[in-house]
Every structure is written in structure tokens, then in C-alpha cells.
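Please read the structure below before turning to the comments.
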Amino acid sequence: MHEWALPRRCLAAAVATMIAAAITAATAGATPFSNTTPITIPDFGTASPYPSTVTVSGLSAVTNVRVTLNGFSHTYTNDIGVLLVAPGGQNVVLMDAAGNDVQPACSVSNLTLTFNDAAAAPLPNDGCFGSGTYKPSNYFPADTFSAPAPSQPYGTALADLDASTPNGTWSLYVEDFDSKDSGSISGGWSLDIGSPTAVRLNGFRATLRGNRAVLRWRTATEADLLGFNLYRVGAGKLVRLNRTLITGVFGGTAAGHAYSFLDRAGARGAVRYRLQAVGLDGARTWVGTATTAASSRN
């Protein structure tokens, strides 16, 4: 079992050595899937096609989902809602009621909009916007998308999709919730699933033993990994469990490595945890989610 508890002096020296060696963090690792069929948005009602779908195969887990709308145009963006649904039914509203809801309208043409939990900000509620990367942006949570889209409640972050199975049909539902204005997504949309660092995770699980949780995970490769952070999810908040970085195998390797961590304050019942990878460039990426399962051992 890999030990992470290096003295701070050793950790600092190792980090300095890696930086001096100019090891560059890779941006590979994300798996892109796309549907380039244009989506036509009417002046009121559901888009065509509804939904637009992407078929995903060959993946083992859902992590770090990013969605891009290519060629987004509309004469009144506040009318538009966009819902992403994973094969397991988990979902998130990417945008709804973004931009001005009074004159002057936010009218946009041929934008490239990427939705990523790690973005600096959501789309604006007031004012207009251009191409860029944004957090999911739902300003009218009362909207319910028309069937066959699922009904309320809807997720608010792409991380809400982590518990889903990755393989199968992903659906994008686009709907205009008011009249008079129309638009399109001329280039369709794309879906990226995976880590932007070169870390590949083979598994992450949490086992409840009494009021303690044992967390275990294994990597397949970690050539551009600095280390990991572990978080407990509760009451809508993330609580970091490790006081210092859980360090990876310095220098990179093609072999997998096993890690473990004991959460001494874990509550009884189902407890959700999230695993974050830290790349050599400092980029932080969610790479796994696990929920405690009871164990026969105490």
C-alpha cells in the first residue's frame, strides 16, 4: 500500500526537483464524444431534435464532465433551458434564463459555450455574454423540461453526474420557455469525460466500519500527478480530510499504485466522498466519487 505521509521538507524538495526537471502536465485523458447534427430552437417549445443524443462506450467511470455547445445562437437567451441527462438518469441544468430578462435582450450568434464545474463563474443573470467556459447556470429552477426529459428535481453541478454509469446514451434537452424568439446550436454539442491530467483511476471505494470510513483507490497511471486531496460531502459542503497532500509516485510510472485513507469522523450510514487529483502544473481535477458501503469487519 503506497504511503503518502512524507515529511514536508522531503515533499518540498521532491516538488522542486520535479519542477526543475520541467515535467509538463498533460492535458490528455479526457475522452471526447460528439453529435454535430444542428439543433434548431423554435420561438417556443422543444428543440429539434429533442433530445440530441451522444453514445458513449469504453469508459469505466464518470469524472470531470465538460459539455460544449458549438455555434449557439439566439435572439433572447433568457428564454433558453438546456438539460444534460446521463445514461443512469442523473442530470444537470447547464443553463436556464441566462442573460437579460428585460430589454435590451441578450442576442448572441455562433458562440462556443463550454460548461465546466471548474470554471471561474456562471453565465451572467443580467447582461449578455460571449464564447467561453462557464459553470452550470440555472436562474429559473421552477422550469420543468417537457417529456421525455425527466421531471424535477434537477442537478445543479456536473459533479452530480459522477454516480452515473458512463456508457450508454447521453441526452441533451434544449427548450425555449417563452415565445417570439428563436435560435440554433448549429454545430451540435460535445461531451468530454475524464481527467485533464494524465492520471487514470482504476477504482475508488469507501467502506464503513463502525463510525469510521476506509477509503481505497488505485491508479492505472500517474505520470503527471503531484498528489491527491480527499473530501467528505455533507450538507452541501465539502470538507477536506487530508491536512497535507497525499503524494503520488514522483516522476511518473506506467504501473498502478494503491492508496488508502482512514476517515475517523465518518458518520454511520451512507457517506459520500470525492477524490481530487492535483497535477504537476497545480491543476485540480475531480477524478472519483465513492459512497460508503457497510462492512462485516469492525
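The chain is numbered in sequence order, starting from 1.
No continuous path of hydrophobic side-chain contacts links Tyr154 to Val82 [ILVMFWY only; heavy atoms under 4.5 Å]. Hydrophobic clustering keeps Phe177 apart from Val108 (ILVMFWY residues linked when any side-chain heavy atoms are closer than 4.5 Å, directly or through intermediates).
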(Q) Evaluate Thr68 against Thr114 for side chain to side chain donor-acceptor pair (under 3.5 Å), listing each step before the verdict. (A) CA-CA 4 Å; Thr68 299; Thr114 297; 2.9 Å; yes
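With a 6.0 Å radius and a threshold of 12 heavy atoms from other residues, nucleotides or ligands, Arg272 has its CZ atom above the threshold.
Checking side-chain atoms of Ser73 against main-chain N and O of Asn110 turns up a donor-acceptor pair under 3.5 Å. Under the 3.5 Å distance criterion, the side-chain polar atoms of Asp176 are left unmatched by any main-chain donor or acceptor of Ile80. No side-chain donor-acceptor contact under 3.5 Å links Asn100 to the backbone of Ala105. No donor-acceptor pair closer than 3.5 Å links the side chain of Asp43 to the backbone N or O of Ser182. Counting only distance, with no hydrogens or angles, the side chain of Asn167 and the backbone of Thr165 share no donor-acceptor pair below 3.5 Å. One N or O on the side chain of Thr292 and one on the backbone of Val271 form a donor-acceptor pair closer than 3.5 Å.
Arg240 and Asn229 form a side-chain donor-acceptor contact under 3.5 Å, judged by distance and modelled atom types alone.
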Anything under 3.5 Å between a donor and an acceptor, one on a side chain of residues 139-148, the other on a protein residue two or more places apart or in another chain? List them.
| unit_1 | atom_1 | unit_2 | atom_2 | d |
| --- | --- | --- | --- | --- |
| Tyr139 | OH | Leu123 | O | 2.3 |
| Ser146 | OG | Glu175 | OE1 | 3.4 |
| Ser146 | OG | Glu175 | OE2 | 2.8 |

Atom pairs and distances, donor-acceptor, side-chain atoms in residues 32-39, under 3.5 Å, two or more places apart:
| unit_1 | atom_1 | unit_2 | atom_2 | d |
| --- | --- | --- | --- | --- |
| Asn35 | OD1 | Thr37 | N | 3.0 |
| Asn35 | OD1 | Thr37 | OG1 | 3.1 |
| Asn35 | ND2 | Ser52 | OG | 3.3 |
| Asn35 | ND2 | Thr53 | O | 2.8 |

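Using a 4.5 Å heavy-atom threshold, the side chains of Asp181 and Asn78 count as separate. Contact annotation: the side chain of Leu241 approaches that of Leu215 to within less than 4.5 Å [non-hydrogen atoms, C-beta and beyond].
For the side-chain contact (heavy atoms from CB on, under 4.5 Å) with Cys106, the qualifying choice from Asp101, Thr75, Thr77 is Thr77, the only one to do so.
The ring-ring contact (aromatic ring centres under 6.0 Å, His included) analysis of residues 42-87, with sequence neighbours excluded, yields the pairs Tyr50-Tyr173.
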